[in-house]
Amino acid sequence: GEYKRFDNAIEMLDSGLIDACIVAVPHYEHAKYAMECMKRGIHVMVEKPAGVYTKQVREMNAEADKHPEGVFGMMFNQRTNCVYRKIKEMIDGGEIGAGPEIIDYLHAQGVHKLDVLVATHPHSDHIGGLDVIIYKFDCANVFMSPFKKDTRTYEDVINAAKSKNNKITYPKTGDTYKLGGATFTIVAPNGEYEDANNSSIGIYLKYGERSYLFTGDAEYEAEEDILESGLNIDADVYKAGHHGSRTSSSDEFLEKVTPKYVVVSCGEDNSYGHPHAAILNYCRIEKIPLYRTDKQGTIVLKSDGENIEWN
């Protein structure tokens with residue numbers, strides 16, 4: 001990054017040999033070099049706190065907005081105005097009315113574009129907020145369950161995607177997609193089902209040495225089919241199926257997942273009694289950390305591909 005070496009550095013960028021740039025300090029020529037990387041679509045990661053370098057950080061942010069294809073992540077060691085900006089995947093969008101809150105949260109994180117939006121299945125508590133999110137964000141790919149439902153909520157999501165000319169994909173089990181430095185594989189649904197829950201899109205995401213499993217509201221029937229498919233579901237983090245219901249997370253399924261952490265997404269004092277005793281007892285007996293939105297509110301995890309941090 002030194003000034004006298006800048007021209008040589010640009011020659012290296014133009015050689016096509018550079019895939020990524022890590023900027024230890026966003027200052028002077030370092031910032032200038034990072035912006036040149038962005039222009040060329042080279043992934044950039046910024047590691048240093050922004051505090052005293054606000055001018056350079058503002059310039060890099062402005063350049064990132066012009067060239068989003070060139071930004072893998074802007075990670076600061078302190079909470080600043082920059083977070084991951086390049087690769088964004090969102091799974092489900094909550095109940096009707098949840099959209100604006102999700103939009104505000106994503107904007108606060110610096111997210112203005114979604115590379116992948118997944119609607120696991122057409123129940124309103126999973127897709128109710130997606131129509132306004134689709135209208136607000138550019139969504140490169142919209143993944144939807146093959147199970148269709150004759151409801152206003154479902155039609156609103158379909159119409160929103162069509163109005164934005166979004167590509168709707170009904171992914172097939174076994175399909176694998178790249179997501180920045182990560183990959184994710186579709187593990188469900190494995191056939192046609194008579195209900196929406198078992199028709200949920202299941203996703204196994206792998207980033208570095210860590211893996212994550214999301215199964216929507218899949219129940220025992222779908223879980224059994226996932227096991228029979230032979231696909232790898234051994235995950236560090238498991239988002240418990242169907243909000244921690246007794247209808248999901250069978251003993252056989254958990255034996256294959258072998259999670260190190262379990263997350264349950266459910267409403268406080270919900271009328272269904274989620275999470276049910278089965279998943280709670282499993283985590284207690286196996287001494288697995290359990291994170292619950294009804295007890296802890298919004299749950300955020302960050303990973304560099306090796307370590308997992310929870311907030």
Side-chain angles (χ1 to χ4, degrees), residues 68-69 72 84-94 96 98-99 102-103 106 111-207 211-219 222-223 225-226 229-233 235 239 241-242 265:
E69 72 283 354
F72 172 72
Y84 282 106
R85 302 168 60 102
K86 163 60 178 161
I87 305 298
K88 297 291 178 292
E89 178 183 30
M90 177 174 164
I91 301 176
D92 289 339
I96 297 171
I102 295 172
I103 290 170
L106 292 176
V111 179
H112 302 285
K113 175 181 179 293
L114 294 170
D115 292 273
V116 180
L117 177 64
V118 181
T120 59
H121 64 293
H123 279 162
S124 64
D125 61 325
H126 288 256
I127 66 168
L130 289 185
D131 56 339
V132 296
I133 293 169
I134 291 172
Y135 281 123
K136 191 67 175 179
F137 291 89
D138 288 331
C139 303
N141 296 283
V142 178
F143 286 10
M144 298 195 71
S145 164
F147 191 93
K148 298 176 173 60
K149 201 167 179 66
D150 186 18
T151 63
R152 176 66 181 273
T153 303
Y154 180 76
E155 289 300 321
D156 285 345
V157 174
I158 296 294
N159 291 335
K162 288 181 178 179
S163 71
K164 293 290 293 289
N165 293 319
N166 293 135
K167 178 184 178 182
I168 297 178
T169 299
Y170 302 97
K172 297 180 180 179
T173 303
D175 287 351
T176 299
Y177 301 85
K178 293 198 67 175
L179 193 69
T183 60
F184 68 93
T185 300
I186 305 299
V187 297
N190 284 273
E192 294 185 5
Y193 300 89
E194 296 181 356
D195 63 291
N197 284 346
N198 281 313
S199 301
S200 294
I201 294 175
I203 289 177
Y204 179 78
L205 186 143
K206 182 80 172 177
Y207 177 54
S211 52
Y212 310 81
L213 181 64
F214 308 85
T215 59
D217 279 358
E219 299 181 344
E223 290 178 351
D225 290 338
I226 293 173
S229 74
L231 291 168
N232 182 25
I233 55 171
K239 182 177 177 292
H242 201 180
S265 176

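For reference, positions follow the sequence shown, starting with 1.
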For L205 and A182, which heavy atoms make the closest approach, and how far apart are they?
CD2-CB, 4.3 Å
Within the structure provided, determine whether T120 and D217 are in side-chain contact (heavy-atom separation under 4.5 Å).
no
Just how far is it from atom CD1 of I233 to atom OG1 of T215, taken to the nearest 0.5 Å?
9.0 Å
Could you check if a side-chain atom of L231 sits within less than 4.5 angstrom of a side-chain atom of Y204, using non-hydrogen atoms only?
no
Can you give me every donor-acceptor pair (side chain of residues 186-193, partner residue at least two apart or in another chain, under 3.5 Å) with its distance?
| from | atom 1 | to | atom 2 | distance (Å) |
| --- | --- | --- | --- | --- |
| N190 | ND2 | V187 | O | 2.8 |
| Y193 | OH | D225 | OD2 | 2.6 |

Is any side-chain heavy atom of L106 closer than 4.5 Å to a side-chain heavy atom of K136?
no
Would you say E89 and I203 make side-chain contact, with heavy atoms under 4.5 Å?
yes
Just grab all the side-chain hydrogen bond (donor to acceptor under 3.5 Å, both in side chains) pairs involving residues 147-157, residues at least two apart or on different chains.
R152-D156
What are the two closest non-hydrogen atoms of I201 and S145, and how far apart are they?
CD1-N, 3.5 Å
Where do S199 and P146 come nearest, in terms of heavy atoms and distance?
O-CD, 4.3 Å
Listing request: all side-chain hydrogen bond (donor to acceptor under 3.5 Å, both in side chains) pairs with a residue in residues 158-181, at least two apart in sequence or in separate chains.
T176-T185
Of all the heavy-atom pairs spanning C139 and I134, show the shortest one and how long it is.
SG-CA, 4.2 Å
Heavy atoms, side chains only, cut-off 4.5 Å: are I103 and I133 in contact?
yes
Describe, in one word, how the ring planes of H121 and H123 are oriented to each other, choosing from parallel (under 30°), tilted (30 to 60°) and perpendicular (over 60°).
perpendicular
May I have the step-by-step check of side-chain contact (heavy atoms from CB on, under 4.5 Å) for I102 and M90, ending in yes or no?
CA-CA 10 Å; I102 295 172; M90 177 174 164; 3.6 Å; yes
Roughly how far, to the nearest 0.5 Å, is the NZ atom of K206 from the OG1 atom of T183?
8.5 Å
Please examine the side chains of I158 and I168, heavy atoms only from C-beta on, and report whether any two atoms are closer than 4.5 Å.
yes
Of the non-hydrogen atoms in A140 and K113, which two are nearest, and what is the gap between them?
CB-NZ, 4.3 Å
Determine the minimum heavy-atom distance between I127 and V157, stating which atoms define it.
O-CG2, 3.6 Å
